[in-house]
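Chain letters run A, B, ... following the sequence lines, proteins first, then strands; residues in each count from 1.
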2 protein chains.
Amino acid sequence: MIDLTKKLKYMVQKKEIIKKLRSTGLRPTKQRILIAQNLFDREKTFHFTVESLNKQINKKGKEKISLATVYNTVEAFTKAGHIKEILTSKSKSYFDTNIRSHHHFYDEDSKELTDINYNQVKLSKVPHPPKGKKIKNLEVVIRLQK
Amino acid sequence: MIDLTKKLKYMVQKKEIIKKLRSTGLRPTKQRILIAQNLFDREKTFHFTVESLNKQINKKGKEKISLATVYNTVEAFTKAGHIKEILTSKSKSYFDTNIRSHHHFYDEDSKELTDINYNQVKLSKVPHPPKGKKIKNLEVVIRLQK
DNA sequence: TTTGTAGTTTAGAATTATTATAAACTAGAT
DNA sequence: ATCTAGTTTATAATAATTCTAAACTACAAA
Ligand SMILES: [Mn+2]
Ligand SMILES: [Mn+2]
Ligand SMILES: [Zn+2]
Ligand SMILES: [Zn+2]
């Protein structure tokens with residue numbers, strides 16, 4: 001039955017999300033589970049801002065989650081490594097459910113972030129970090145204009 | 001005379017700065033000239049924030065320039081292409097008097113930006129921009145941690 | 001040189017993303 | 001069932017930046 005498999009899939013996914021939260025010391029609260037479902041139960045990874053996530057979560061008849069909790073949760077998920085913060089825009093932080101190392105286009109007109117396919121960028125030379133410092137990450141941002 | 005050459009050099013530099021401002025349609029006001037001297041009459045290029053520039057400008061017995069004017073001037077210089085904005089930090093904008101295409105280390109601990117020598121990074125493959133878009137710039141940021 | 005005006009400076013108010021506060025609530029251990 | 005540390009929430013505070021509108025000034029034209 002189509003409907004049965006849907007329900008089953010939903011329950012399995014929820015279990016997985018609870019496991020994911022627990023694995024990083026985060027209590028699986030109603031709010032965190034709902035946000036995690038929104039972020040992770042998808043085909044494709046995507047980019048978002050706290051504002052866009054908050055709109056997405058708090059639309060329709062769904063039960064509401066406070067903006068403070070959305071901020072708290074996004075911060076907790078970032079610290080836990082479930083999402084990645086992308087510092088590309090002047091005015092607001094973007095986040096990425098794709099936590100693999102990868103690069104971005106940033107469209108200055110539409111303010112949209114797009115992943116660059118990993119094999120589309122090749123760095124044949126990378127500098128050594130200064131003494132006493134380690135490379136935390138390396139990101140290429142290609143800014144686009146019309 | 002040491003003192004004479006100094007004074008002469010200063011006058012020549014000031015003339016050059018006035019020319020630079022005029023060349024981009026900016027009136028050479030007292031405030032803009034002073035800020036431009038601070039930014040451009042140096043041996044080396046450097047990175048700054050509006051806050052750090054404002055402190056630098058408004059310290060000592062020097063005549064004061066309002067914070068609004070520092071913001072206005074930095075914006076005007078950026079639009080004119082005399083400086084470059086670097087979007088690397090979450091909370092505040094950095095600016096760069098090095099307007100040549102180059103890459104950066106960003107020290108997450110000290111929040112310090114450092115230029116990466118141009119020949120220290122080699123990109124052997126760069127993606128095509130999406131249809132209808134042009135590449136405005138490409139920047140590599142290497143984030144450092146202890 | 002004086003005058004007119006568009007461009008600029010300025011203090012202060014407004015905006016906006018984000019963080020802090022502190023009281024109410026809850027997951028989960030005992 | 002009880003306890004408590006962790007969490008949520010409304011709301012206030014913060015901080016970088018932008019806006020406003022009045023005063024000022026560079027400079028073109030008379
Ligand atoms: Mn901010
Ligand atoms: Mn801001
Ligand atoms: Zn991405
Ligand atoms: Zn630089």
Side-chain angles (χ1 to χ4, degrees), chain A residues 14-15 17-38 47-58 62-80 82-83 85-95 111 113, chain B residues 14-15 17-38 47-58 62-80 82-83 85-95 111 113:
Chain A
K14 186 165 176 180
K15 276 264 163 65
I17 277 185
I18 290 175
K19 201 195 290 179
K20 185 174 201 166
L21 294 174
R22 283 233 168 79
S23 78
T24 49
L26 297 171
R27 281 194 188 169
T29 64
K30 192 172 46 142
Q31 293 85 346
R32 284 175 179 163
I33 291 167
L34 185 59
I35 291 174
Q37 286 172 326
N38 253 278
H47 305 103
F48 64 96
T49 63
V50 169
E51 190 193 10
S52 74
L53 177 61
N54 187 54
K55 267 187 193 142
Q56 169 66 23
I57 289 282
N58 285 313
K62 297 175 180 177
E63 61 261 65
K64 304 285 179 208
I65 297 181
S66 81
L67 179 60
T69 297
V70 178
Y71 269 103
N72 289 342
T73 303
V74 165
E75 190 190 358
F77 285 8
T78 304
K79 281 187 176 153
H82 300 312
I83 59 179
E85 189 169 8
I86 311 286
L87 302 170
T88 290
S89 149
K90 200 202 302 240
S91 49
K92 53 173 85 172
S93 275
Y94 281 69
F95 296 87
K111 275 102 173 73
L113 264 186
Chain B
K14 186 164 175 179
K15 276 265 165 65
I17 276 185
I18 289 175
K19 201 194 294 179
K20 184 175 201 164
L21 293 175
R22 283 235 169 79
S23 79
T24 50
L26 296 171
R27 282 195 186 169
T29 64
K30 193 169 47 138
Q31 293 86 344
R32 285 176 179 163
I33 290 167
L34 184 59
I35 292 174
Q37 285 172 325
N38 254 278
H47 305 104
F48 65 95
T49 63
V50 169
E51 188 192 13
S52 73
L53 177 61
N54 187 55
K55 268 188 191 140
Q56 169 67 23
I57 290 280
N58 284 313
K62 297 175 179 174
E63 62 259 66
K64 305 286 179 205
I65 296 180
S66 81
L67 179 59
T69 298
V70 178
Y71 269 104
N72 289 342
T73 303
V74 165
E75 191 190 356
F77 286 9
T78 304
K79 281 187 176 154
H82 300 312
I83 59 179
E85 188 169 9
I86 310 286
L87 301 170
T88 291
S89 150
K90 200 204 299 243
S91 50
K92 53 173 85 171
S93 275
Y94 282 69
F95 296 88
K111 275 105 175 69
L113 264 186

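Side-chain contact between B/T24 and B/F77 is absent, with no heavy atoms from C-beta onward closer than 4.5 Å. Between A/R32 and A/L34, the closest side-chain pair of non-hydrogen atoms is not below 4.5 Å. Side-chain contact between B/F95 and B/L113 is absent, with no heavy atoms from C-beta onward closer than 4.5 Å.
Both A/G25 and B/E85 sit near DNA chain D, but only A/G25 has its closest nucleotide nearer the 5' end. Heavy-atom distances to DNA chain C give each of A/R22 and B/I65 a nearest nucleotide, and the one nearer the 5′ end belongs to B/I65. Of the residues near DNA chain D, B/R27 and A/A68, the one whose nearest nucleotide (by heavy atom distance) lies more toward the 5' end is A/A68.
As a whole-Å value, the separation of A/L53 CG from C/dT18 C1' is 15 Å. As rounded to whole Å, 10 Å separates atom P of C/dG28 from atom CZ of A/R32. When rounded to the nearest whole Å, the span between CD of B/E75 and P of C/dG7 equals 16 Å. Following rounding to the nearest Å, B/L67 (CG) and C/dA11 (P) show an atom-to-atom distance of 10 Å. Here D/dA16 presents its P atom at 5 Å from NZ of B/K92, a figure rounded to the nearest Å. As rounded to whole Å, 14 Å separates atom P of C/dA27 from atom CG of A/L34. Atom CG of B/N72 is separated from atom P of C/dT10 by 9 Å (rounded to the nearest Å). As a whole-Å value, the separation of A/N58 CG from D/dT8 C1' is 13 Å.
Nearest nucleotide to the B/P28 side chain, out of D/dC27, D/dA10, C/dT19: D/dC27. Picking from D/dC27, C/dT18, D/dT9 the nucleotide with the shortest atom distance to the side chain of A/T69 gives D/dT9.
No donor-acceptor pair closer than 3.5 Å links the side chain of A/N38 to the backbone N or O of A/I57. Between the side chain of A/N54 and the backbone N or O of A/V70 there is no donor-acceptor pair closer than 3.5 Å.
Residue A/T29 is classed as a sugar-phosphate contact, given heavy-atom separations below 4.0 Å to backbone atoms only. Across all strands, B/T49 comes closer than 4.0 Å to no nucleic acid atom at all (heavy-atom distances).
For the pair A/Q31 and D/dT9, the criterion of a side-chain N or O lying under 4.0 Å from OP1 or OP2 is met.
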